[in-house]
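Taking it in order: structure first as structure tokens, then the write-up.
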There are 2 protein chains.
Amino acid sequence: MDVSADALMDIFKNRGIRSSYTRMRIMQYLMVNRNHSTADEIYGSLVEEIPTLSRTTVYNSLHAFVEAGLARVVTIEDNEARYDADISDHGHFKCDSCGRIYDFTVDVDCIQPKALEKFRINQRDVYFKGICLGCLDNK
Amino acid sequence: MDVSADALMDIFKNRGIRSSYTRMRIMQYLMVNRNHSTADEIYGSLVEEIPTLSRTTVYNSLHAFVEAGLARVVTIEDNEARYDADISDHGHFKCDSCGRIYDFTVDVDCIQPKALEKFRINQRDVYFKGICLGCLDNK
DNA sequence: TTCCATATTGTAAACATTATAATGTAGTAT
DNA sequence: ATACTACATTATAATGTTTACAATATGGAA
């Protein structure tokens, strides 16, 4: 699944954020590597190709994407923020053994807490943890 | 809601972790202040009463509690871990305006993702964000 | 009371993230 | 096309949270 530069420029323009080569490469990375990368993983991969890349730029860009609704932060682990370009409603499962993060579909509408009836809910996150099938089989 | 030292010593003994004054005070703090405190908030409160208290001890104790199943980590925000002595199944709502964290009851059994059918699920977290009623009324 | 495993402490280090100020660039207006 | 302006990028330094480590103190069993 590749993403053309033209398509990205359109997406950025629609969301009101400026296009740049770096920003496009970061967004492409998120869209191609759907592995819920950390900012540092993105930096480490892209700096080989863009030697002048700065960590701050990665953080700035990711924040801009989140603000613009183009990506979500996944805080399933307490010591690092991960980023996900899939903004459709879905949950995340983290395997405590191999560390992989799996997506799964969730009907968030089945969660309608009475305590929040009059609250304005902007974001719903569902995080599960345990052992994935592959790691269970390896024992 | 107060918690006697005797009751706490029993709880610790049942879970196989050693009792100590510091540890009991940290657990009491979590059980009385059900406000999903950060490690630093707990340290800041207790150090007035236990001047020799060390941050490391707070972290160690909290980790021990989580390991023993006496507390849960709430990672609703990406830059800080919060701790919750309420280990019953419930979700967390964070108000983006006032920052308060609300509990709400969730029927987690209504979430049965097919993709995870053969996975072992050990922990389920539901995090919502938005604006709470109080903050909505203040506008 | 003695002893050992473990808890506590202080310091320093690791780690992720943010602040700042100078420089570079995209995109609009001229 | 050119110039201009707002914004993106960069390097460095600082912040904030959490962990590593080694010395000391303590809980609980023998």
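Chain letters run A, B, ... following the sequence lines, proteins first and then strands; every chain starts at 1. This one's a predicted model, so the numbers in the text were calculated from it and none came from an experiment.
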Checklist outcome for this item: Sorted by chain and number, sequence neighbours left out, ring-ring contact (aromatic ring centres under 6.0 Å, His included) with B:Y29 holds for none

Next on the checklist: Please classify the nucleic acid contact of A:T38 as base, sugar-phosphate, or nothing, using heavy-atom distances under 4.0 Å.
Outcome noted: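 If one applies the 4.0 Å heavy-atom cut-off, A:T38 turns out to touch nothing in the nucleic acid.
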
Checklist entry - How would you label the contact of B:A81 with the nucleic acid (heavy atoms, under 4.0 Å): base, sugar-phosphate, or nothing? => result sugar-phosphate

Next on the checklist: Can you tell me how far apart CG (A:D84) and CG (A:L70) are? Round to the nearest 0.5 Å.
Outcome noted: 12.5 Å

Next on the checklist: Please report the end-to-end axis angle for the helix from C:dT1-D:dA30 to C:dT30-D:dA1, five pairs per end, rounded to 10 degrees.
Outcome noted: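 If I round to tens, the end axes sit 30° apart.
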
Next on the checklist: Which residues pass the salt bridge (charged side-chain N to carboxylate O under 4.0 Å, His left out) test with B:R124, not counting sequence neighbours?
Outcome noted: none

Item to check | Set of salt bridge (charged side-chain N to carboxylate O under 4.0 Å, His left out) partners for B:D96, sequence neighbours left out | outcome: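 For B:D96, no residue satisfies salt bridge (charged side-chain N to carboxylate O under 4.0 Å, His left out) once neighbours in sequence are set aside.
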
Checklist entry - Sub-3.5 Å donor-acceptor pair from the side chain of A:T75 to the main-chain atoms of B:T75, do we have one? => result yes

Checklist entry - Any sub-3.5 Å donor-acceptor pair from A:R82's side-chain atoms to A:V74's backbone N or O? => result no

Quick one: [X] [atom1] to [N] [atom2], roughly how many Å, whole number?
X: A:H63; N: C:dA16; atom1: NE2; atom2: P; answer: 14 Å
X: A:E80; N: C:dA14; atom1: CD; atom2: C1'; answer: 14 Å
X: A:R25; N: C:dT25; atom1: CZ; atom2: C1'; answer: 19 Å

Item to check | Range on DNA chain D touched by chain A, heavy atoms, distance below 4.0 Å | outcome: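 Range of nucleotides touched by chain A: D:dA6 to D:dT12.
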
Checklist entry - Hey, what's the ring geometry for A:H92 with A:Y127, parallel, tilted or perpendicular (30° and 60° as the breaks)? => result tilted

List every contact pair, protein side and nucleotides 26-30 of chain C side both N or O, where the distance is under 3.5 Å.
unit_1: C:dA26; atom_1: O3'; unit_2: A:S19; atom_2: O; d: 3.4

Item to check | side chain to side chain contact (heavy atoms under 4.5 Å, CB included) partners for B:A64, two or more places apart | outcome: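 For B:A64 the side chain to side chain contact (heavy atoms under 4.5 Å, CB included) partners, ignoring immediate neighbours, are B:R23.
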
Please tabulate, for the side chains in residues 5-15 of chain A, all donor-acceptor contacts under 3.5 angstrom to protein atoms that are two or more places apart in sequence or on a different chain.
unit_1: A:N14; atom_1: ND2; unit_2: A:D10; atom_2: O; d: 3.4
unit_1: A:R15; atom_1: NH1; unit_2: A:A68; atom_2: O; d: 2.9

Next on the checklist: Other members of the hydrophobic cluster containing A:I131, with the 4.5 Å side-chain heavy-atom rule, please.
Outcome noted: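 Traced through the cluster, A:I131 reaches A:L136.
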
Item to check | Qualifying salt bridge (Lys or Arg N to Asp or Glu O under 4.0 Å) pairs with a residue from residues 50-74 of chain B, counting only residues at least two apart or across chains | outcome: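 The answer is B:D40-B:R55, B:R72-B:D125.
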
Checklist entry - Is there any side-chain hydrogen bond (donor to acceptor under 3.5 Å, both in side chains) pair reaching into residues 56-65 of chain B, and which pairs are they, with sequence neighbours excluded? => result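 The answer is none; no pair qualifies.
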
Checklist outcome for this item: Assign each of A:I50 and A:D78 the nucleotide of DNA chain D bearing its closest heavy atom; nearer the 5' end lies the nucleotide of A:I50

Checklist entry - So, B:F119 versus A:F128, ring centres under 6.0 angstrom or not? => result no

Checklist entry - Quick one, which residues of residues 51-60 of chain B touch DNA chain C with a heavy atom under 4.0 Å? => result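 Nucleic-acid contacts, sorted: B:T52, B:L53, B:S54, B:T56, B:T57, B:N60.
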
